[in-house]
Amino acid sequence: VQLQASGGGSVQAGGSLRLSCDASGSTVSTVGWFRQAPGKERAFVAAMNWRGSRKQYADAVKGRFTISRDNRNNTIYLQMNYLGLEDAAVYYCAADRWALPSDKSSNYNYWGQGTQVTVSS
């Protein structure tokens, strides 16, 4: 499984960004997004099963972020609205071929490269 993340950038607080993760190779059962801010551990953001029938969000992003998938091209999205300074981080997409959606990074065996999100006041 190969994952290619993109869409990061700089945005003012209160703004929006949409991250994309192109998945290729073998089929996967679960996809997720994690983020890592400087000096902090990697943290769970959102996850969903491939069908999109089960979604899970970190409390810090509920109501602001949405994870979704484009059925046409195997792209996973993370729509991020009302971004705050605390959302600034490197964002990673992750996937696993067998696991259920989870907030544990150890459950994901495939990772894309990170994409930087910068939020300014």
Under a 4.5 Å side-chain heavy-atom rule over Ile, Leu, Val, Met, Phe, Trp and Tyr, are Phe65 and Ile76 clustered together? yes

Using only atom types and a distance under 3.5 Å, with no angle test, would you say the side chain of Thr118 pairs donor to acceptor with the backbone of Ser10? no

Looking just at side-chain N and O atoms, do Asn81 and Ser16 make a donor-acceptor pair shorter than 3.5 Å? yes

Does the Gln113 side chain pair with the main chain of Ala5, one donor and one acceptor, at a distance under 3.5 Å? yes

Atom pair OH/CG of Tyr108 and Asp103 - distance to nearest 0.5 Å: 7.5 Å

Start with the C-alpha distance between Asp87 and Leu85, add both sets of side-chain angles, then the distance that settles side-chain contact (heavy atoms from CB on, under 4.5 Å), and finish with yes or no. CA-CA 5 Å; Asp87 296 315; Leu85 299 178; over 6 Å; no

To the nearest 0.5 Å, what is the distance between CG (Asn73) and OG (Ser20)? 9.0 Å

Under 6.0 Å between ring centres: does that hold for Phe34 and Trp111? yes

Treating Asp96 as the side-chain partner and Thr30 as the backbone partner, does any N or O pair qualify as donor plus acceptor under 3.5 Å? no

Pair Thr75-Asp22, side chain to side chain donor-acceptor pair (under 3.5 Å): steps then yes or no: CA-CA 5 Å; Thr75 299; Asp22 294 321; 2.7 Å; yes

Any donor and acceptor pair, going by atom type alone, linking the side chain of Asn49 with main-chain N or O of Ser53 inside 3.5 Å? yes

Output for pair (Asn74 CG, Ser24 OG), nearest 0.5 Å, gives 8.5 Å

Cluster check Phe44, Leu3: I/L/V/M/F/W/Y, side chain < 4.5 angstrom: no

Do the non-hydrogen side-chain atoms of Leu19 and Met80 ever get within less than 4.5 Å of each other? yes

Would Tyr110 and Ser26 count as a side-chain contact (heavy atoms from CB on, under 4.5 Å) here? Give the steps. CA-CA 11 Å; Tyr110 304 96; Ser26 299; over 6 Å; no

Give a yes-or-no answer on whether the side chains of Tyr82 and Arg64 include a donor-acceptor pair shorter than 3.5 Å. no

To the nearest 0.5 Å, tell me how far Thr115 OG1 sits from Tyr91 OH. 10.5 Å

Could you go step by step and tell me if Val119 and Gln12 meet the side-chain contact (heavy atoms from CB on, under 4.5 Å) rule? CA-CA 5 Å; Val119 183; Gln12 285 192 323; over 6 Å; no

Would you say Tyr77 and Val1 are hydrophobically clustered, going by side-chain heavy atoms of ILVMFWY under 4.5 Å? no

So, Arg69 side chain and Trp50 main chain: donor-acceptor pair closer than 3.5 Å or not? yes

Return the SG to CD distance between Cys93 and Gln4, rounded to the nearest 0.5 Å. 8.0 Å

Measure the spacing between CG of Leu100 and CZ of Arg54 and express it to the nearest 0.5 Å. 5.0 Å

Donor-acceptor pair, side chain of Lys55 and main chain of Ala46, under 3.5 angstrom: no

Stepwise side-chain contact (heavy atoms from CB on, under 4.5 Å) check, Arg42 with Tyr92: CA-CA 9 Å; Arg42 189 171 297 187; Tyr92 299 89; 3.6 Å; yes

Are any non-hydrogen side-chain atoms of Pro101 and Gln56 less than 4.5 angstrom apart? yes

